[in-house]
Amino acid sequence: CAIIFPSRRAHLHFNHYLSEIIQEPLWSPKYTTINDFFAGFSPLQVADPLLLNYTLYEEYRKIRNSAESFSQFYYWGNMLLGDFDDIDKYLIDPDQLFSNLKDLKDIEKKLDYLSKEQLDAIRQYWNVFNTEKLNAYQEFFIGIWELLASIYHSFRQTLVSQNLAYSGMISRIVTEGLKKGTISEFNDKVYAFIGFNALNKCEENLFQYLHNQDKALFYWDYDEYYTNNPHHE
């Protein structure tokens, strides 16, 4: 049995409660986090955040032909790393996401998988950029936005060439491998996923795959006040 938690801290508490109910010595189960579980199916290594940020900076500077210093880029680079991580964990098409802001209607068609609320939020945000009358800052923002897909792809290619990755990138690669059938060996008899609630798309795909193989147990972090209430959304 392998037990997968959302974070490393959880297995310390699990061990504590396990020790209170056992009556004799036993082998401890395998513990891992969901990010480490994904990483176990990839030859790539998760890089240090500072190295990721600097690698991203190098790609940004090369593509944008920018003389910006690393210290100037660092804060924004961390935000961009978080965005790229989310893009991969939610299996979003970066080329669609980073489309030309001036063509909002075309973007809405491409993002038709989003809910009405999500589309309204994007529409409200993008309407700030009135294409008839842009100030210098807005022009600067749009100029960077239209380069982000190229930066995303170039950044990932550079990481792969160095045998490195960020966690969302590994999750996406493993998820795509499950769909293609290139990843299929799960050596433990059962995998218990404990303490999860809101799943990203990569987690959904992995959980469904193991569920279909009769290899998964799920102990959700859901509030019974909501889940046992038939009138709650």
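What you see is a predicted model, and the numbers here were worked out from it, not measured in a lab.
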* Asked: Is any side-chain heavy atom of Arg156 closer than 4.5 Å to a side-chain heavy atom of Met169?
  -> yes

* Is the shortest heavy-atom distance from the side chain of Phe5 to the side chain of Phe193 under 4.5 Å? -> no

* Basic-acidic side-chain contact under 4.0 Å: Lys215, Asp188 -> no

* **Flag for Glu20-His16: side-chain donor and acceptor within less than 3.5 Å** => yes

* Report yes or no: do Gln208 and Asn212 form a side-chain donor-acceptor pair below 3.5 Å? => yes

* To do: Show your reasoning for whether side-chain hydrogen bond (donor to acceptor under 3.5 Å, both in side chains) applies to Glu68 and Tyr60.
  => CA-CA 10 Å; Glu68 194 173 331; Tyr60 167 83; 3.1 Å; yes

* **Gln72 and Ser69: side chain donor to acceptor below 3.5 Å** => yes

* Asked: What are the two closest heavy atoms between Ala216 and His211, and how far apart are they?
  -> CB-N, 3.9 Å

* Just wondering, do Thr33 and Pro6 contact through their side chains at under 4.5 Å, heavy atoms? -> no

* Salt-bridge present (Arg172, Glu176; N to O < 4.0 Å) -> yes

* **Heavy-atom check, side chain of Ile87 versus side chain of Phe98, under 4.5 Å** => yes

* Asked: Between Asp88 and Ser171, do the side chains contain an N or O donor and an N or O acceptor separated by less than 3.5 Å?
  -> no

* **N/O donor-acceptor pair under 3.5 Å between Ser154 side chain and Ser150 backbone** => no

* **Shortest non-hydrogen contact between Pro29 and Ile3, atoms and distance** => CB-CD1, 3.8 Å

